[in-house]
Amino acid sequence: MTILGSAACPLRAAVIGSGPSGFYAAEALLQSGLKLTVDIIERLPTPYGLVRFGVAPDHPKLKEVVQVFARIACHEACSLIGNTGVGRDVSMRSLGQLYHVVVVAAGASRDRCLGIPGEHLPGVHSATDFVGWYNGHPDCAHLQFDLSQETAVVIGQGNVALDVCRILAKSVDELRHTDIASHALDALASSRVREIHLIGRRGPAQAKFSPKELRELGHLEHCSAAVDERDLILSNECLVELKDPHADAAARNLQLLREFAQVGQVKTKQCRIRFLLTPLEIHGDTRVRRIVFGRNELCGPAFDRQARCTDQRVELDAGLVFRSVGYRSEPFDMLPFDKARGLIPHVDGRVACDGITDARVYVTGWIKRGPTGIIGTNRADSVASVQTLLSDLPFMTPVAKPGGSALREYLSSRGQRPTDWSDWERIDMVERERGVATGRAREKLVRLDDMLAAAGSRS
Ligand code: NAP
């Protein structure tokens, strides 16, 4: 009897998205011992998703994981099919004719909104756009941020908010040798931002920073981190939370915040970390000028402390506002989508999509579990989804499917120019060479045309 995943009937698998969850899903498939091919389909000509376009340029260590991903991509059964948007250049339905299984690892590329008046005034931005801009994402390279303003307010207290603060706070000399996009480096060189407010709606015990990232904020060359000591007085419930052995990060954050509160030294720039403030309204005429916050108190039991807005109001002048309140996934082609939770609904990674496509569909990463965790969190998540996939194989009909070669033919017949791994290697080389010329790790290409030109024409 022919078995799917044998030499007689190799498994044709597609993974959509080349960020961490996509690469880890590909790795788990390649390690399954089956006879198979794995195609990683990516919307952009370049791989690596948020490792290239999300991880801060001054965190090169975090980016070293691309070496692991490159080894996965170079496996003889693995291919990159870049510059190919599913839902744009090829549909899920068509993929079902080419592949037996499709793993969706499309991440969460959009930002969450605050839903308050004034949010759409010029000068109010999503952190997602700012991060994409300084990381040279082709969708964000054209954006403008008015860095002639002296005061910036960053709303949210997660690691993305810290990244935004650090990039605003660092001098160009501190950023010059990173892979930050050149347009961002040029714009930041004339930045007049001096005062940055980093705002949390809950208290210091609930801040979502990683201590390592928070510590960095206290060691910037030209920017001091400041906290009002009175904000660090904690309720009994918060003290209970901090004593929990699993709350090590929160306890270390608090220690760092106490150190920031003691520092008297004021540098040219200041980052003020403030708590218990919910943005209610953003005011301005032609652009943002001020934000009105409601002063919060915390209520509820330990480990479920919630912010409750009081009648007290706090106003801050603001020339720039960045909302950094989490990422959000978008509905994916024809697949079911839970709008309220911003996820593809699934059972153990398996997506119910009868009648949508002939392939079995699975999901992993942020579009499966929400925008949480660090890069490595995606490994276990992808392994779990691939285990579900493998457990379904005995119930699938072993019909032959063509896989990537047919997808490439289909794309070429429609005038598309899919990229492969050697194209990415050429783009990578051009970026590194441009970097050498300016004394930098790499100088990213930020326009799709330039990436495709660097990839060269197909022989
Ligand atoms: P996050 O960690 O979920 O933080 C979101 C912040 O926004 C929280 O402080 C949250 O407060 C606040 N918030 C949410 N809704 C709000 C609202 N309506 N009004 C005011 N504040 C609101 O999200 P993130 O910073 O975008 O990070 C996403 C993931 O990427 C995280 O897992 C993060 O650790 C990871 N990441 C890691 C690194 C790194 O390792 N260096 C760098 C960047 C990102 P509440 O707590 O009250 O909800």
Side-chain angles (χ1 to χ4, degrees), residues 19-21 49-65 107-117 119 124-132 134-135 153-167 197-217 238 241 247 249-250 253 257 273-282 291-300 303-309 314 316 321-329 341-342 365-367 369-378 381:
S21 59
L50 274 188
V51 178
R52 179 174 162 98
F53 296 119
V55 173
D58 57 342
H59 282 168
K61 275 256 159 233
L62 286 180
K63 295 182 195 236
E64 285 177 9
V65 71
S109 58
R110 304 310 310 155
D111 64 291
R112 290 175 53 211
C113 291
L114 296 167
I116 60 171
E119 187 167 6
V124 182
H125 304 280
S126 74
T128 318
D129 280 347
F130 189 59
V131 169
Y134 65 62
N135 275 323
V153 173
V154 181
I155 295 168
Q157 291 192 331
N159 285 326
V160 172
L162 279 181
D163 286 347
V164 169
C165 287
R166 242 183 19 263
I167 297 299
H197 298 275
L198 175 53
I199 310 281
R201 64 178 168 182
R202 297 193 288 161
Q206 290 81 30
K208 293 208 172 124
F209 310 134
S210 301
K212 189 164 166 284
E213 272 68 24
L214 183 59
R215 183 174 297 108
E216 268 187 278
L217 206 60
C238 291
E241 285 184 13
N253 279 344
L257 293 167
I273 310 175
R274 311 173 71 129
F275 300 94
L276 296 174
L277 295 173
T278 285
L280 297 178
E281 287 172 9
I282 302 180
I291 311 192
V292 180
F293 294 92
R295 166 82 61 199
N296 294 332
E297 55 189 18
L298 290 181
C299 57
F303 306 106
D304 192 23
R305 302 289 278 158
Q306 299 299 325
R308 183 167 58 198
C309 199
V314 175
L316 282 181
V321 175
F322 297 95
R323 55 169 188 270
S324 181
V325 296
Y327 285 89
R328 169 172 69 84
S329 296
R341 298 171 65 217
W366 279 6
I367 198 165
R369 67 173 196 278
T372 58
I374 56 173
I375 292 170
T377 314
N378 294 294
D381 197 5

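We count ligands from 1, going down the list as the structure has it; atoms in each ligand are counted the same way.
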Q.
Before you tell me yes or no, could you show the steps for Val55 and Ile375 under side-chain contact (heavy atoms from CB on, under 4.5 Å), namely the whole-Å CA-CA distance, both residues' side-chain angles and the distance that decides it to 0.1 Å?
A. CA-CA 10 Å; Val55 173; Ile375 292 170; 4.1 Å; yes
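We find the CD1-CD1 distance between Ile116 and Ile155 to be 6.0 Å, quoted to the nearest 0.5 Å. With rounding to the nearest 0.5 angstrom, the CZ atom of Arg295 is 12.0 Å from the CG atom of Leu280. Considering CZ of Phe130 and CD1 of Ile167, their distance stands at 7.0 Å, rounded to 0.5 Å.
Looking at Gln206 and Gln157, their side chains never bring a donor and an acceptor atom within 3.5 Å of each other.
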Show me a pair-per-line table, with atom names and distances to 0.1 Å, of protein N or O atoms that are under 3.5 Å from an N or O of ligand 1.
unit_1	atom_1	unit_2	atom_2	d
ligand 1	9 (O)	Gln157	N	2.9
ligand 1	15 (N)	Arg201	NH2	3.4
ligand 1	25 (O)	Asn159	N	3.3
ligand 1	25 (O)	Val160	N	3.1
ligand 1	32 (O)	Gly373	N	2.8
ligand 1	32 (O)	Gly373	O	3.3
ligand 1	34 (O)	Asn159	ND2	3.0
ligand 1	41 (N)	Glu213	OE2	2.9
ligand 1	46 (O)	Arg202	NH2	2.8
ligand 1	46 (O)	Lys208	NZ	3.3
ligand 1	47 (O)	Arg201	NE	2.9
ligand 1	47 (O)	Arg202	NE	2.8
ligand 1	48 (O)	Arg201	NH2	2.8

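Arg274 has its side chain within reach of Ile199: a pair of non-hydrogen atoms, C-beta onward, lies under 4.5 Å apart.
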